[in-house]
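Contents: one structure, followed by commentary.
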Amino acid sequence: VALYMAVLLGCQALTHFLEYQKVKMKIGSTSRNYLQENLLRRYLNVSEEAREKLDHGDLIMAFTTQVNEVISEGYMNLLKCVRFCGELVMVLVYSILGPVVFNKPNRYVIFGPIIAFPLVLFPFMYCRAAVTEHTEVERKHAQVKVLSFKAFLVRQYRLVADYSMRTQVVNESEHVVTAYNKAVSEETRVLLNNQYFCPWMALCFEGLYIYIIGLQILHKGVTFMTLGMFLNNVNVVNSVGHCYGEVYK
């Protein structure tokens, strides 16, 4: 028990240390700083005519939200994809070597989910790409309109106050914010349905595996497959679904 607790504490301490070191490496902050500095240089060196046409909302979005999206959802997610692809490779290696190690016949049915997932996932991604991109673009346009309206209000407040246009401005603000909230809600629903595709696939494959292999075990006993291998293979199917789901994100 003491050895077990020591191993748990050691693993927790190592995980904490590595996570802390990852933060200290400042990969995300350095990348954001690099992008923001170059965006500022670009803005300061464009022509006066182009600068006058630039919407303040677009500029604020570029310096804040969109830079963060490029880093967190682009560059950093690429590293996560490498991680989960590595997990898929290890799952495949386990599926190949497991029967050899336990001296059991190789049941190729476990390779079905590993192969079938990308065959079903990639067409789904292709079909959902248009609607996903559309909702994201609509949400960003609505967000830009909100930022532009607020920036305009701050710059022209004296004009609004002098002409007693506070009521009209509030009504327009409610309209703009309502449109933004609607766009956010629509994008959230689309992304939620996208994210649930892989768990549904994993559940279907898991049910098929339990039904097919479970019947074989009931008829042939442990000579067909040990209970431990059966349960591990069920976990393999779940792991495959989880990894493909994270890659899809």
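Quantities reported herein were computed from a predicted structural model and do not represent experimental measurements.
The distance from the CG atom of Leu44 to the CZ atom of Arg41 is 9.5 Å, given to the nearest 0.5 Å. Within the model, atoms CD of Glu186 and CG of Leu191 stand 10.0 Å from one another, a figure rounded to the nearest 0.5 Å. To the nearest 0.5 angstrom, His141 atom NE2 is 7.0 Å from Glu138 atom CD.
Across Val120 and Phe197, no two heavy atoms sit closer than the pair CG1-CZ, 3.6 Å. For the residue pair Glu206 and Val237, the shortest heavy atom distance occurs at N-CG1, 3.8 Å. Across every non-hydrogen atom of Pro123 and Pro118, the tightest pair is CD-O, 4.0 Å. Taking every heavy atom of both residues into account, Ala183 and Ala142 meet most closely at CB-CB, 4.1 Å.
Legend: side-chain hydrogen bond (donor to acceptor under 3.5 Å, both in side chains) pairs involving residues 168-184, not counting sequence neighbours, sorted by first then second residue: Lys150-Ser173.
The aromatic rings of Phe117 and Phe205 sit tilted relative to each other, their planes meeting at an angle between 30° and 60°.
Connection of Leu119 to Phe124 is established within a shared hydrophobic cluster, with ILVMFWY side chains joined at heavy-atom distances below 4.5 Å, either directly or through further cluster members. Using a 4.5 Å cut-off between side-chain heavy atoms of Ile, Leu, Val, Met, Phe, Trp and Tyr, with links allowed through other members, Val146 and Val184 fall into the same hydrophobic cluster. Under the 4.5 Å side-chain heavy-atom criterion for ILVMFWY residues, no single connected hydrophobic cluster contains both Leu121 and Tyr126. Trp200 is not connected to Leu208 by any chain of hydrophobic side-chain contacts under 4.5 Å among Ile, Leu, Val, Met, Phe, Trp and Tyr, and they are in different clusters. Hydrophobic clustering keeps Val190 apart from Met201 (ILVMFWY residues linked when any side-chain heavy atoms are closer than 4.5 Å, directly or through intermediates).
Lys145 NZ: 12 or fewer foreign heavy atoms inside a 6.0 Å radius. Atom CE of Met125 is surrounded by more than 12 heavy atoms from other residues, nucleotides or ligands within 6.0 Å. Enclosure of atom CD in Glu37 by more than 12 non-hydrogen atoms of other residues, nucleotides or ligands within 6.0 angstrom is indicated. The environment of CZ in Arg42 is sparse: at most 12 heavy-atom neighbours from other residues, nucleotides or ligands sit within 6.0 Å.
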Original post:
Step by step, would you call Thr135 with Arg139 a side-chain hydrogen bond (donor to acceptor under 3.5 Å, both in side chains)?
Top reply: CA-CA 6 Å; Thr135 55; Arg139 189 264 303 168; over 6 Å; no

